[in-house]
Trainee: 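Here it is, the structure in full.
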There are 2 protein chains.
Amino acid sequence: MSTVTITDVAKRVGVSVATISRYLSGFTVRNAEDIREAISELNYRPSAAARNLKSGRTGIIAIVVPDITNPFFAAIVEGAESAVGDDRMVLLVNTGAIREREEKALSQLFGRVDGVIMAPSTEEQHAPAFFSQFGLPIVFVDRVTQDGERFSSVLAENAKGAELATGHLISHGHSKIAMISGPNSATPGKKRADGYRQAMKKAKIEVIHDFFIESDFTEAGGNLAMKQLLALDTPPTAVFVANNLMTLGALHALSEAEVSIPQEISVIGFDDHDFADLINPPITVISRDARLQGSQAMELMIKQLSDGSASHPEHSMVDVHLVERGSCAPPRESQKIRSNKKAR
Amino acid sequence: MSTVTITDVAKRVGVSVATISRYLSGFTVRNAEDIREAISELNYRPSAAARNLKSGRTGIIAIVVPDITNPFFAAIVEGAESAVGDDRMVLLVNTGAIREREEKALSQLFGRVDGVIMAPSTEEQHAPAFFSQFGLPIVFVDRVTQDGERFSSVLAENAKGAELATGHLISHGHSKIAMISGPNSATPGKKRADGYRQAMKKAKIEVIHDFFIESDFTEAGGNLAMKQLLALDTPPTAVFVANNLMTLGALHALSEAEVSIPQEISVIGFDDHDFADLINPPITVISRDARLQGSQAMELMIKQLSDGSASHPEHSMVDVHLVERGSCAPPRESQKIRSNKKAR
DNA sequence: TTGTACGCGTTATCAT
DNA sequence: ATGATAACGCGTACAA
């Protein structure tokens, strides 16, 4: 156990601890060589804990996400990590989208980290109050909480993306367009639903109640929603699925029910995936640079930390774009989908 | 800014700091109610930094992985996080499989964390020396370094899995079986190659030099390797790909070259993937519980931390199993793969 | 049960 | 340029 302190080094060299400290801080000292040597021989490492206590900073930035297993959040974390710099590190908190864990994590984070980058699982949250209460710098990424405007954030062009997706379906001639949406309580859920409605409105297509399903961004949720859609008397001819996991679930439902894409139904998803182009047919999606979202969030955090500019929140958005592959086509003349074939 | 200390609470209540400290530690004190009240009114939070300095512990466990973007490592991290408990947190380090970053991270980690769970990018590493030097508890997960036996580890049944995979191909009647392997310098790379050779030996099939390609566990690497295989005068009729990313790359190469699976070539991968069953055809793989690997590693770490049992390293292995889908079939009579059609 | 006082390892201030 | 020392906030041995 390396319990060698700055005092040991000082004794070894025959100077005071202050001199060693100065040397470590880059100041010019007389016997720098002796010190360098002593440090390496004694294998001295400054105590992070002591430094934290003195400085009040930890050099650690937390990033809290609902599910690190979701490739999208993994990309965000990777982006954030890539921008953290040499003198700081990233503390990961995976909340499983469980509210209690989020809150507990936040309180545990206080004092252990200099700031937190967070993708809150819901907007209905007291997080901002919590943050302002403790004065912990925060940057929201991908999602915000109720009065999230008071804090910096890096979101995606959710509404635009959803409009793009829905418009793409419309341009193929579809009108029976369903949406499997995320929870309305989460930023991307709400915004993408808005975009869908906006596009439908522009095209003067009425949104059928049964065609809009508010699900939960999980694979199971997407799976269930798609089954519900297939069980309808007149199923949709196209569906826009609001995130990658739900798309996965929906595709499984479609595959199980032996509904062919895009002949019987057109599918477009939000967020790309490595395998999306290997599926048959390759899936058309709205894509964006999640890694960039993460790195931008980290940059905002670092700026905030050095400027102390918590009072001037910055809001940035990463762009989205359509990646056209093979899962969208015009609707058939005959709208007879074998809806009840296998779908429950 | 919450700069309220234990002293403030003590003054408020009219007792000494020791009493407050005792209250916080769960001891019985006279005016517990007053203290509780004062703490909540003053919004007092004990300083983690000061506690760290006193106790020598941080309550943080690091987990360093090559690539958090790889679903496999994401699952490991998620598993580890799930087992960390209420009084500790996880610090993530993503090294990008870059040796220098690994080493730098390790030195930065010292003093900031109580222990590190690590998936080293290569076995050719001085990490163990580094660890023993500083006495930082470590548990290896998925991979080890040179003298990794001296430290606890949670590996997978790599050799068994590779034998299973190769045997599956052999049982279908293949003999021209190629392997796209990982780097021999990494534990899973080496062990899986061993398993392949073992299975081939058992079946008395000679391993053709050109059929064994040592790649690098990346998508690009798998892609290139598969192209090389396809460009051979007599290409293999089956291929075992040693990890998920390389499988992805190989599938892209196959798809690009319009080689049909399993008619023209059988494919089996190592490590499952959410989308593996949606690809056409669904991909047969060797699977294992990565999340379990992560949680076991964390459990070993926590045990080590409480026991102080660093001297009794434990080595555990998670099992593997074959997930049969549709990417393997008997070889054709005519072995004419359109090898040079589009490959390259 | 409670209070006093010291130590944890650094850095910053103040003299020298 | 250097040395002595206070201070960071907390836990705890010791005395009461």
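Throughout, a chain's letter reflects where its sequence line sits, starting with A, and its residues are numbered from 1.
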Trainee: Is there, by distance only and without an angle test, a donor paired with an acceptor across the side chain of A:R45 and the base of C:dG9 below 3.5 Å?
Mentor: no
Trainee: Kindly say if A:S16 contacts the phosphate of D:dG3, meaning a side-chain N or O under 4.0 Å from OP1 or OP2.
Mentor: yes
Trainee: Can you check the A:F27 CZ to C:dT13 P distance for me, whole Å?
Mentor: 10 Å
Trainee: What nucleotide, of C:dT11, D:dT2, C:dT10, holds the atom closest to the side chain of A:S21?
Mentor: C:dT11
Trainee: Among D:dA4, C:dT10, D:dC10, which nucleotide has an atom closest to any side-chain atom of A:Y44?
Mentor: C:dT10
Trainee: Expressed in angstrom and rounded to an integer, what is the separation of B:R30 atom CZ from D:dA16 atom C1'?
Mentor: 14 Å
Trainee: Considering only NZ, NE, NH1 and NH2 on the basic side and carboxylate oxygens on the acidic side, decide whether B:D86 and A:K104 come within less than 4.0 Å.
Mentor: yes
Trainee: With respect to the side chain of B:R22, which nucleotide from D:dA13, D:dC10, D:dG3 is positioned closest?
Mentor: D:dA13
Trainee: Picking from C:dT2, C:dT4, C:dT11, which would you name as closest to the side chain of B:N31?
Mentor: C:dT2
Trainee: So, B:T145 versus B:E123: side-chain donor-acceptor pair below 3.5 Å or not?
Mentor: no
Trainee: Any side-chain N or O of A:S47 less than 4.0 Å from the OP1 or OP2 oxygen of C:dG9?
Mentor: no
Trainee: Can you tell which of D:dT2, D:dG11, C:dG9 lies closest to the side chain of A:V29?
Mentor: D:dT2
Trainee: Is B:T28 touching bases, backbone alone, or none of the nucleic acid, heavy atoms closer than 4.0 Å?
Mentor: sugar-phosphate
Trainee: Rounded to the nearest angstrom, tell me the gap between atom CD1 in A:I35 and atom P in C:dT10.
Mentor: 14 Å
Trainee: Hydrogens and angles aside, do A:S316 and A:Q296 bring a side-chain donor and acceptor to less than 3.5 Å of each other?
Mentor: yes
Trainee: Whole-Å distance between D:dA4 P and A:I6 CD1?
Mentor: 14 Å
Trainee: Return the value, rounded to whole Å, for the distance between atom OH of A:Y23 and atom P of C:dT11.
Mentor: 13 Å
Trainee: Nearest whole Å is fine: how far is D:dC10 P from A:R112 CZ?
Mentor: 14 Å
Trainee: Calculate the interatomic distance between A:N52 atom CG and D:dA7 atom C1'; express it in whole Å.
Mentor: 16 Å
Trainee: Has B:S21 got a side-chain atom pairing as donor or acceptor with B:V17's backbone, closer than 3.5 angstrom?
Mentor: no
Trainee: Look at the side chain of A:R51 and decide which nucleotide, out of C:dT11, C:dT2, D:dG11, has an atom nearest to it.
Mentor: C:dT11
Trainee: Please report, rounded to the nearest Å, how far the C1' atom of D:dT12 is from the CD1 atom of B:I20.
Mentor: 15 Å
Trainee: Considering heavy-atom distances to DNA chain C, does B:V17 or B:L53 have its closest nucleotide positioned more toward the 5' end?
Mentor: B:V17
Trainee: Side chains of B:T58 and B:D114: donor-acceptor distance under 3.5 Å anywhere?
Mentor: yes
Trainee: Of all the heavy-atom pairs spanning A:L91 and B:V90, show the shortest one and how long it is.
Mentor: CD1-O, 2.9 Å
Trainee: Side chain of B:T19 only, heavy atoms from C-beta on: which candidate in C:dG3, D:dC8, C:dT11 is closest?
Mentor: C:dG3
Trainee: A:K54 has a side chain; which of D:dC10, D:dA13, D:dA7 sits nearest to it?
Mentor: D:dA7
